[in-house]
Amino acid sequence: MIQALHVFHYVEVDSTNSVLRDMASEGAPEGTVVWADRQTAGRGRSGRAWQSRGDWGLWFSVLLRPGSAIPASYGGMLPVAAGVAVARSLAARPGLAGKVKLKWPNDVLLCGRKVCGVLCEASLLGSVVNWAVIGVGVNVSTPQGGFPEAIAQTATALDQHMAAHDVPDRAGLLSEVAGAVMESYGELVSHGPQPIVAAATELMSSMIGQVVTCTTAYGQLRGRVAGVGTDGTLLLTTDDGARFSVNAGDVHIGTGRFDTGGY
Ligand code: BTN
């Protein structure tokens, strides 16, 4: 089931997700990878920019073509499965065991700071996922002069947590992390969502039971994290006992403005 990876390596692109989306529309096969040393317009979740103008990180996207292999009802597991894959793969590196966590849906945290972000973009055909582009950005080294100001307080890089000789080269890390994404995807196809839900729940264990504020397109929702649904949603229980499944949003640990608009 696991496809070979076909890697296209560029010095600079606007966004590896954008390049791969175009290739997907033109019929590129599953397992196509676009990897760039720098991105001039890297994109993050919720329309944010992803700081990747320099070669301090691993910036790549991989193409999946689930078709009928993944029912639309758990297509939302793809972003979660991708986050689980990166977290597992980083946690296996020397010195990082026990330090890697997942923040729903797929931010990978190292000692509480963001080391990797994942942007999934999909094209649906009827009720199936025709293709999905999984974009992964891992901060490998700390940029000279430090991270750009916008992320200086929240970001970290692998080199801050491991001996210099253990910091992976980007080509090696690419094959490991992209391979792990394909493996998690294979697990999802073969066994359904439950094993990935269990892995995500374990990696998010410090969030479970915490009160969080979730910012979504419809407003903010505050509640206690009950877990991850088999459709990839974040399960929240509010103070009055109501249960919500959130399918897209940003989670902040702690309380915030509670706005029920849209729910
Ligand atoms: C996020 O946390 O907001 C997601 C960030 C995803 C960044 C990666 S870098 C490679 C790929 N190309 C992009 O433009 N974005 C993703």
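For ligands, and for the atoms within them, numbers begin at 1 and follow the listed sequence. When reading the values below, keep in mind they use all heavy atoms of this one structure, side chains included, and skip hydrogens, waters and symmetry mates.
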**Asked** When you check the side-chain N and O atoms of Thr238 and Asp240, is any donor under 3.5 Å from an acceptor?
**Response** yes
- prompt: Step by step, would you call Val225 with Leu236 a side-chain contact (heavy atoms from CB on, under 4.5 Å)?
  reply: CA-CA 5 Å; Val225 176; Leu236 289 183; 3.9 Å; yes
Heavy atoms of Val128 and Ser68 approach each other most closely as CG1-CA, 4.0 Å
Kindly indicate, with the supporting measurements, whether the criterion salt bridge (charged side-chain N to carboxylate O under 4.0 Å, His left out) is fulfilled by Arg222 and Asp239. CA-CA 8 Å; Arg222 191 186 70 195; Asp239 280 350; 2.9 Å; yes
Side chains of Ser61 and Asn17, donor plus acceptor under 3.5 Å: yes
Per the under 4.0 Å non-hydrogen criterion, ligand 1 touches Ser15, Thr16, Asn17, Gln39, Gly42, Arg43, Gly44, Arg45, Trp50, Phe60, Ser61, Asp107, Lys114, Gly117, Val118, Leu119, Gly135, Val136, Gly137
Applied to residues 142-153, the side chain to side chain donor-acceptor pair (under 3.5 Å) test, sequence neighbours excluded, yields Thr142-Asp159, Thr142-Gln160
